[in-house]
Amino acid sequence: MTINQAVQAAARERAYAMPLADVDPCNVDYFEDDTVGHYFERLRREDPVHMAVHPLHGPYWSITRYQDIMSVDTNHQVFSSDWSLGGITITDEKMEEARLQMFIAMDPPKHDVQRKAVTGIVAPSNLANMEALIRERTIKVLESLPRGEAFDWVDKVSIELTTLMLATLFDFPLEDRRLLTHWSNVATSSKLVDPDAPTPEERLAELHKMLAYFTRLWNERVNAEPGHDLVSMLAHNPATRNMGPAEYMGNLVLLIVGGNDTTRNSMTGGLLAMSQNPGEWQKFRDKPELIPNMVSEIIRWQTPLAHMRRTATQDTELNGKTIKKGDKVVMWYLSGNRDDSAIANPEQFLIDRPQARQHLSFGFGIHRCVGNRLAEMQLRILWEEIHKRFPVIEVLAPPKRVRSTFVRGYSEMQVRIPV
Ligand code: HEM
């Protein structure tokens, strides 16, 4: 038995031995050692709409089955995303000014008009225009990788490629692009779960630096001809051009985190899954035409955002439970993506899985991910270019996972490409 198998077996025993009422999947340790799946499995079987009281976040409902998650995600009238009620993550931000006013954390009608202001960036024609540039940059990054020696895939490939992409979307100075990575990390970090994270005050101060940088870009572009970048789109659209600084800051965080952490962690998680499943790597070598399907399977497998939270605006029933007005409701996408009543053999990673796009990783309903086609395109190009040049990539050690119950990701993964 490997160390990981022993860790998983012990966690499984613990998950089933504790009283059901004590099962609280929002435990950052379970995410860091990747054992949370056992708690989700028990909840899906025994109590799919489950109330737990978290020591920091208080009482909350865990929704763990695919169909129940769909019911919540597609009913925004009853399950609100509004930032003033608590927003979209399980953490209730205590500092009023640190509650991010972004359109993912708004309800209609404001959500709809702000979302519309940026969707042009991922229109099919725009994606087609971006494909050549993304491929060129991907090739450059892959060609620069060392051969025959260990290096960190997260830093050299996943972060580099997604940050370059983000800089393109914002028309952000390329030489400063790692600031985007930094702000993304700051925005998603929390002292509550990670002692190395900035304090709420430090976090807010960093986000104000981001706002100051982007305000310079806004001022340069607001009186110029409308461009095709996100800053110009926000500055010229009637729904967003009069936004105050708090909303500009919130929406910047949304677009930076949305376009950064998620795709980045799919790039790392995909290579990890492929290395753990040599039969799937062989299928990929033999049949590169499977790549688009494989990308969807990677995104399901990884589920880069483990949850989205809502707040009930009225008393309601869900799968036999009464949810009260004001209750915190957490949709665990990570669990829904492993629900065998919706997905056949969900514990297997299969690059030729039928209906691979049928997963919850991008959410559903009015907040469904704006960037889903762009993310898929980035990942497709990455794997097409890997296929052309690397018959083997060795993962040398288990990756380091980030301490978060929201972003499901990696901070380091050492790999080697044989000479
Ligand atoms: C919303 C996941 C890539 C921009 C979301 C949501 C999820 C998600 C779960 C919320 C859905 C809901 O509440 O129903 C992902 C994953 C990605 C990814 C897994 C990559 C694999 C991107 C990219 C961008 C982006 C590349 C930027 C261009 C957004 C925005 C929203 C969003 C702006 C808010 C939509 C709204 O509230 O209407 N994403 N995302 N995402 N995503 Fe993504």
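Just so it is clear, the structure is predicted and the values come from calculations on it, not from any experiment. We count ligands from 1, going down the list as the structure has it; atoms in each ligand are counted the same way.
- Here is the list of ligand 1 atoms found below 4.0 Å of a heavy atom in F364: 14 (O).
- Ionic pairing of E143 and K140 is not present here: no N-O contact between side-chain nitrogen and carboxylate oxygen is shorter than 4.0 angstrom.
- In summary, the side chains of T162 and T263 do not present any donor paired with an acceptor at a separation below 3.5 Å, with no hydrogens or angles considered.
- Atom numbering of ligand 1 starts at 1 in the shown order; those under 4.0 Å from a heavy atom of I366 are 38 (O).
- Salt-bridge check for K325 with D315: failed, with every basic side-chain N at 4.0 Å or more from each acidic carboxylate O.
- At a cut-off of 3.5 Å, with distance as the only test, a side-chain donor of T168 or R137 sits close to an acceptor on the other residue.
- Ligand-side atoms of ligand 1 in range of H111: 36 (C), 37 (O), 38 (O), range being under 4.0 angstrom from any heavy atom.
- Counting only N and O atoms by type, the side chains of D176 and Y213 include a donor and acceptor under 3.5 Å apart.
- Atoms of ligand 1 found under 4.0 Å from any heavy atom of I104 (numbered from 1 in listed order, with element): 1 (C), 10 (C), 34 (C), 37 (O).
- The residue from Q348, R353, E280 that alone fulfils the side-chain contact (heavy atoms from CB on, under 4.5 Å) condition with E297 is R353.
- For ligand 1, the polar-atom distance check against H367 finds a nitrogen or oxygen pair separated by under 3.5 Å.
- Heavy atoms of L360 come nearer than 4.0 angstrom to ligand 1 in no pair at all.
- Qualifying salt bridge (Lys or Arg N to Asp or Glu O under 4.0 Å) partners for E384, counting only residues two or more places apart in sequence or in other chains: R135, R380.
- Given atom 21 (C) of ligand 1, the protein heavy atom at minimum distance is S266 OG, 3.5 Å.
- Ionic pairing of R221 and D229 is present here: one or more N-O contacts between side-chain nitrogen and carboxylate oxygen are shorter than 4.0 angstrom.
- Not close to ligand 1: G365, with no non-hydrogen atom less than 4.0 angstrom away.
- The aromatic ring centroids of H111 and H367 lie less than 6.0 Å from each other.
- If you check which protein heavy atom lies closest to atom 12 (C) of ligand 1, you get Y333 OH, 3.3 Å.
- Just one of Y60, Y333, W332, F31 meets the ring pair (Phe, Tyr, Trp, His ring centres under 6.0 Å) condition when paired with H307; it is W332.
- By the side-chain hydrogen bond (donor to acceptor under 3.5 Å, both in side chains) test, K400 is found to be paired with E412, residues two or more places apart in sequence or in another chain being considered.
- Applying the 4.0 Å criterion to heavy atoms of R115 picks out, from ligand 1, the atoms 35 (C), 36 (C), 38 (O).
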Q.
Using side-chain contact (heavy atoms from CB on, under 4.5 Å), reason through M243 and Q114 one step at a time and then give a plain yes or no.
A. CA-CA 10 Å; M243 276 186 305; Q114 293 203 357; 4.3 Å; yes
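- Regarding atom 9 (C) of ligand 1, its nearest protein heavy-atom neighbour is S361 O, 3.2 Å.
- Ligand-side atoms of ligand 1 in range of P304: 19 (C), range being under 4.0 angstrom from any heavy atom.
- Ligand 1 lies out of reach of E376, whose nearest heavy atom is not under 4.0 Å from it.
- Under the rule for a ring pair (Phe, Tyr, Trp, His ring centres under 6.0 Å), the partners of W301 that lie at least two apart in sequence or sit in another chain are F349.
- Atom 43 (Fe) of ligand 1 has C369 SG as protein N, O or S atoms under 2.8 Å away.
- Considering each of R373, R368, R310, M267, the one bringing a non-hydrogen atom nearest atom 13 (O) of ligand 1 is R310.
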